[in-house]
Number of protein chains: 2
Amino acid sequence: MNKKGILTVISGFSGVGKGTIVKKLLSDYEQYALSISATTRAPRAGEQEGREYFFKTREEFESMISDHAFIEYAQFVNNYYGTPKAYVEEKMAEGKDVILEIEIQGAMKIKAQFPDALTLFIVPPSPDVLKERLTGRGTEPEDVIASRLQRAVEEAKGMDQYEYLVVNDDLDTCVKEVHSIIQSEHFKSSRNIEFRENLAQGMKKFLKGDK
Amino acid sequence: MNKKGILTVISGFSGVGKGTIVKKLLSDYEQYALSISATTRAPRAGEQEGREYFFKTREEFESMISDHAFIEYAQFVNNYYGTPKAYVEEKMAEGKDVILEIEIQGAMKIKAQFPDALTLFIVPPSPDVLKERLTGRGTEPEDVIASRLQRAVEEAKGMDQYEYLVVNDDLDTCVKEVHSIIQSEHFKSSRNIEFRENLAQGMKKFLKGDK
């Protein structure tokens, strides 16, 4: 059957544990490759070229834009962030399922360019749990907390754009469920048109030989 | 999230091992219930009411037809065969994923009535393997073999109506894959609209309390 990797977009509420889920998915299974973004912002202490980001100058980034080298890109606070197309396509061709952890606007741009992309949204078990995670220990300034909660409410509006919702209650369970959803996707009939046609074609020979 | 069972239609080529797969799925996992057909044909030796079939008189069956008590029914060689609706709906309400092993015409009737039904088609690893299974040890009359092969070619035409294709090469692997596909389906966003709306609704309270 289909050996091509699946481009998988993982989004979810801030504070829901997306990063931890993705990290565990990549360490638990060999099937995955993480898409690494390019950015023009300066590396922070401990960040490594090609691990956290591909670090680019503004000129390099803009020349990649004109070369259509990004699946999607955006500008935040004077810096560019983008998803280089070449890396994603190379890994998919190798048969790796490529994981893209990205917020909703970026996710929708990707879905527009790769209609076959699989989209997952990670949710908390309940609003209260999310609130607790966003509020933290209550040691942070009120306005920081308020803006986090405001952002979560905004993020909720995008949920229905995703094909699958996965609850992050227990990390191990959640990672297994995400893995199972992505692997099941390989069996979609629409991803195995060639296999299906070869099978039907091969079976037509049944009639000639036996009549 | 959604606790309602999923109606799962399993079809596939004759001789591909559907029956064995379904039997193992039901014995390996508690999550499933098998839909049992009703028929007007006489029980054969060893068949048990409510296990192989619900045995009905012609009058009983026809009165069920007028009561719209079947999801689908058909007549073969003077006997009726049908899928009673009540049993399927009861099991789904209990949270069981209901398995319906049925040929393509029946499957399409079910999909028309239950658009949410999940459809799987079991395929052989290759045309040659199927041919081998259908030809058997070569001890059967040529015309029996020929009509089996003819039927397989007909069945192939329906493959593209199914959402998932699963190869039955190794039985254990195949059953695990079928299980994983059905369980992943529970996370479909479209099957969790209530959960999604409750979450979004609950989060709106974030704003009032903290501003």
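Reminder, nothing fancy here: chain letters follow the sequence lines and each chain counts from 1. Every heavy atom of this structure was used, including side-chain atoms; hydrogens, water molecules and symmetry mates were not.
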For A:Phe187, is it the side chain, the backbone, both or neither that has a heavy atom under 4.5 Å from a heavy atom of chain B? both
Checking heavy atoms, do the side chain of B:Ser126, its backbone, both or neither come under 4.5 Å from chain A? backbone
Find the one option among B:Arg191, B:Glu185, B:Met203 whose heavy-atom pairs under 4.5 Å with chain A are most numerous. B:Met203
Quiz question: by atom type and distance under 3.5 Å, do the side chains of A:Tyr162 and A:Ser11 form a donor-acceptor pair? yes
Enclosure of A:Glu132 CD (heavy-atom neighbours >12, cutoff 6.0 Å): no
Heavy-atom pairs under 4.5 Å with chain B are the metric here; pick the option from A:Val166, A:Val123, A:Asp160 that has the most. A:Asp160
Heavy-atom proximity to chain B below 4.5 Å, by part of A:Phe121: neither
Sidechain-backbone polar pair: A:Ser184 side chain, A:Ser180 backbone, donor-acceptor under 3.5 Å: yes
From CA spacing to verdict: salt bridge (charged side-chain N to carboxylate O under 4.0 Å, His left out), B:Lys24, B:Asp172: CA-CA 9 Å; B:Lys24 190 165 164 56; B:Asp172 285 359; 3.6 Å; yes
Restricting to salt bridge (charged side-chain N to carboxylate O under 4.0 Å, His left out), what partner residues turn up for A:Glu197, sequence neighbours left out? none
Under 4.5 Å to a heavy atom of chain B? For A:Asp143 that would be neither
Side chains of A:Tyr80 and A:Thr39: any donor to acceptor distance under 3.5 Å? no
If I measure from the heavy atoms of chain B, does A:Pro124 come under 4.5 Å with its side chain, its backbone, both, or neither? both
Interface check, chain B: of A:Leu165, A:Ile181, A:Asn198, most non-hydrogen pairs under 4.5 Å belong to A:Leu165
At a heavy-atom distance under 4.5 Å, which candidate from A:Asn192, A:Ile182, A:Val167, A:Thr119 has the highest pair count against chain B? A:Val167
Among B:Glu155, B:Arg196, B:Gln183, B:Gln201, which has the most heavy-atom pairs under 4.5 Å with chain A? B:Arg196
Heavy-atom pairs under 4.5 Å with chain B are the metric here; pick the option from A:Ser189, A:Ala152, A:Ala200 that has the most. A:Ser189
Give a yes or no on whether the backbone of A:Pro125 and the side-chain of A:Asp169 come within a donor-acceptor separation of less than 3.5 Å. no
For B:His186, ring-ring contact (aromatic ring centres under 6.0 Å, His included) partners two or more places apart: none
